[in-house]
Amino acid sequence: MKTFCGRANPTTGALDWVEESEEYDYHQEIARSCYADMLHDRDRNEKYYQGIRAAVSRVKARGERVIVLDIGTGTGLLSMMAVSAGADFCYAVEVFKPMARAATCIIKKNGFSDKIKVINKHSTEVTVGPDGDMQERANILVTELFDTELIGEGALPSYEHAHLHLVQVGCEAVPHRATVYAQLVESEQLWSWAQIRSVQVDERALVPPAAVRECAGAHAVCDIQLSQVPPSAFTPISPLCSMFSVDFSRPVSSAPRSFSCRFVVQAGGRAQVVLSWWDLDMDPSGSIVCSMAPRWTYSDPREYPWRDHWMQSVYFLPAERRVCEGEELSLSVSHDDYSWIPNLQPMTAPQNIYTYIQSFCRPCCTCQAHLVWTRPRFGELNDWQRTESYLSALRSVLGKDGVCLVVSDGSLLPIFAHLLGARKVCFCVSVKLSLLLIITIFKLLYCPSFSQRLQISVLMGEPYFSTSLLPWHSLFFWYCRTALARLLRPGATILPSSATLYLLGVEFQDLWRIRAPCGTCEGFDVSPMDEMVQQSLDFRESREAEPHHLWEYPCRALSKAHPVMTFDFQQCVPEQPINSQGTLPLIGRGRCHGFALWMEYNLTDDITISMGLTKPVNEEGECVWSPHRKQGVYFLQTPWESSGDGHTAVSYNLTFDPSIGDVKMDFSVTQP
């Protein structure tokens, strides 16, 4: 059965009614899951297996039958580990129905159906008793309920319920313990994602109003691959502090709590950002540790286990605070069921019920900027080199009698145009909150409609739209330009004048794992999971690019950056599709996992802004990517081997369909 679904089109701005199979959401969920990444996480799997073996041995040493409860079983991997380690029976709980089916299939394929029961429920709905889901309480609790913040998937309430209703008193737990670490740092790079900076426009300084400067921001963790932020990008203010530890073998409380760590400031500066990660002790002695620490904490970086399903957390203090070397401070973190709230206090601060309650209060954005601009967007607006490029382009096209129209969300271009002397500046946005932000904060005049007499001399955009994910989604600017054609003066300037879509063959250092089949994992056949993921990918996702911040995922170029398609904003959007076909020689030796795609915008004849590579690729193929926008990644189902002599070439066929605002692509390899 198929149904009509209304979907907002980020490129055309239209509401498209499309016919979708009733299985579309199911396939999309499977295709975008992190199961392949987890199965490829060898460090995680080995540590869990070691911890499970040790727990089973301890229970057997007490002369007890080993009954295991595995909450969030996923593929059933941990349950199979438990039975292989000698468990008498295992209850595998999985709430996601497709995964419960997959676990049942995998368990049967590996011959464990008689010792593992899959329960397709949330763990809080599982019953125990003669007529229940479980015949008896378990004496080993195995879970993998963690996210980048540790508690963000509701781990604490699930553990709390399990100890009350599903496991025996004094049970073993794998993992046995979790510890959350935090470090206070000063970092211009990271802080630029939290607050907008002043901008110098000729002789005038554009200073954010107090409402923005003093806003505490919106509370939300920024989870990133912190290994890609080099230690040179921050200065430690505090030592690495152990903030919170929980023993999963004992009753767990999900009630809000606060923890603090006193320290002496190591280096004076501005306390701005809290970096955080956690470790899992798989056994009571702490001899089996699975750590989420970033690469630069390892004495030998080659030992760092890459993973994308668990990363590191960045928290921004409500306001930066100047601190002096030797000063005594207290870093505190408070948690609810799902998230952490950091806070910094001097040791002399009074401790009373008010400050205790205040520690649980979430920072709240009062200036609207943090609701409109994402963290990468803040960084983009604070990029002075990028800003100078736009200012230079504006200076070259603005006239004193010019009428400017800016089409972008939450952009500073209207302010720049006004400060550079434009007679009239108008702007339109796709999100109303962006409009309110610019009007309220920068006190601009809002024109709710355009007069028929108003003739635009300069139409400009970054372009940036909050609904854009893939590079070509920002072509919404082109559709707006087409709709506004009747308001443009003859010879009106369009800025940017055009956009070029680039293509680059790449070998990923690690990102390929999220799409690669696993086959066997720790000796267990998980191929049914591979087949299920591939079927869901083939439903649609395998024929599409997906968005990624490639600055977080190192890759090596195997080809030259190749322009494949140009969009001329001087003209209206054509009615016919734009097609580009050609070949791309692979000149680097390695495995081509796929292709990176990005836009470069031509502001003027000599000023170009890249949303992808920010530096030319060097001889080693090193790629430096813009941290502000996501690039598109098209993964190959099977990697292609490149000898690096240029004889292996990629044939590409890309088509931009103006009716739907999407780019369809197909690739094939030509061997010598």
Side-chain angles (χ1 to χ4, degrees), residues 30 35 38-39 44-145 158 161-163 165-168 170-175 249 282 517-533 535:
I30 293 295
Y35 293 111
M38 287 187 283
L39 292 175
R44 163 194 178 270
N45 300 334
E46 289 179 346
K47 300 295 176 53
Y48 260 99
Y49 210 169
Q50 292 170 21
I52 289 170
R53 287 194 190 103
V56 170
S57 296
R58 290 194 298 273
V59 174
K60 281 186 172 294
R62 298 198 294 260
E64 302 175 17
R65 289 180 73 243
V66 179
I67 307 299
V68 177
L69 172 61
D70 175 11
I71 299 179
T73 194
T75 60
L77 176 65
L78 302 185
S79 292
M80 293 188 294
M81 288 179 177
V83 173
S84 294
D88 295 287
F89 199 81
C90 183
Y91 295 100
V93 180
E94 176 56 53
V95 68
F96 186 36
K97 190 172 184 178
M99 281 310 306
R101 282 201 222 105
T104 301
C105 180
I106 291 170
I107 289 166
K108 180 179 180 181
K109 190 176 184 69
N110 286 273
F112 295 113
S113 295
D114 60 331
K115 288 198 171 185
I116 300 175
K117 178 184 178 181
V118 177
I119 303 171
N120 182 207
K121 288 184 176 181
H122 194 282
S123 64
T124 56
E125 299 173 349
V126 173
T127 57
V128 180
D131 299 320
D133 301 305
M134 299 171 60
Q135 294 297 300
E136 58 187 312
R137 288 184 177 232
N139 50 17
I140 295 182
L141 176 59
V142 177
T143 60
E144 205 280 57
L145 301 171
S158 295
H161 176 271
H163 277 284
H165 303 286
L166 304 178
V167 299
Q168 301 174 16
C171 74
E172 301 287 343
V174 181
S249 69
M282 294 298 181
C518 189
T520 60
C521 182
E522 296 303 308
F524 302 100
D525 186 348
V526 294
S527 58
M529 184 65 201
D530 295 336
E531 294 165 4
M532 185 173 75
V533 171
Q535 287 173 3

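Atom NZ of Lys117 has more than 12 neighbouring heavy atoms from other residues, nucleotides or ligands inside a 6.0 Å radius. For Asp131, the CG atom counts as loosely surrounded, since its 6.0 Å shell holds 12 or fewer non-hydrogen atoms of other residues, nucleotides or ligands.
The shortest distance between side-chain heavy atoms of Phe112 and Cys90 does not fall below 4.5 Å. No side-chain heavy atom of Lys108 sits under 4.5 Å from any side-chain heavy atom of Pro528. At least one side-chain heavy atom of Arg44 sits less than 4.5 Å from a side-chain heavy atom of Glu144. A 4.5 Å side-chain heavy-atom check between His161 and Val126 finds every atom pair outside the cut-off. Using a 4.5 Å heavy-atom cutoff, the side chains of His163 and Leu141 are in contact. Residues Lys115 and Ser79 are not in side-chain contact: their nearest non-hydrogen atoms beyond the backbone lie 4.5 Å or more apart. In this structure, the side chains of Met80 and Ile106 come closer than 4.5 Å at one or more pairs of heavy atoms. Side-chain contact check for Ile119 versus Met134: some heavy-atom pair is nearer than 4.5 Å.
From Met529, atom CE reaches atom SG of Cys521 across 11.5 Å, with rounding to the nearest 0.5 Å. Taken to the nearest 0.5 Å, the CG atom of Leu166 stands 5.5 Å off from the CG atom of Leu69.
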Query - side-chain contact (heavy atoms from CB on, under 4.5 Å) between Lys109 and Phe524, intermediate numbers included - result: CA-CA 9 Å; Lys109 190 176 184 69; Phe524 302 100; over 6 Å; no
Query raised in the report: Checking side-chain contact (heavy atoms from CB on, under 4.5 Å) for the pair Arg58/Ile140: CA distance, chi angles, key distance, verdict?
Result: CA-CA 10 Å; Arg58 290 194 298 273; Ile140 295 182; over 6 Å; no
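Not a single donor-acceptor pair under 3.5 Å links the side chain of Asp70 to the backbone N or O of Gly76. In this structure, the side chain of Tyr91 engages the main chain of Gln135 through a donor-acceptor pair within 3.5 Å.
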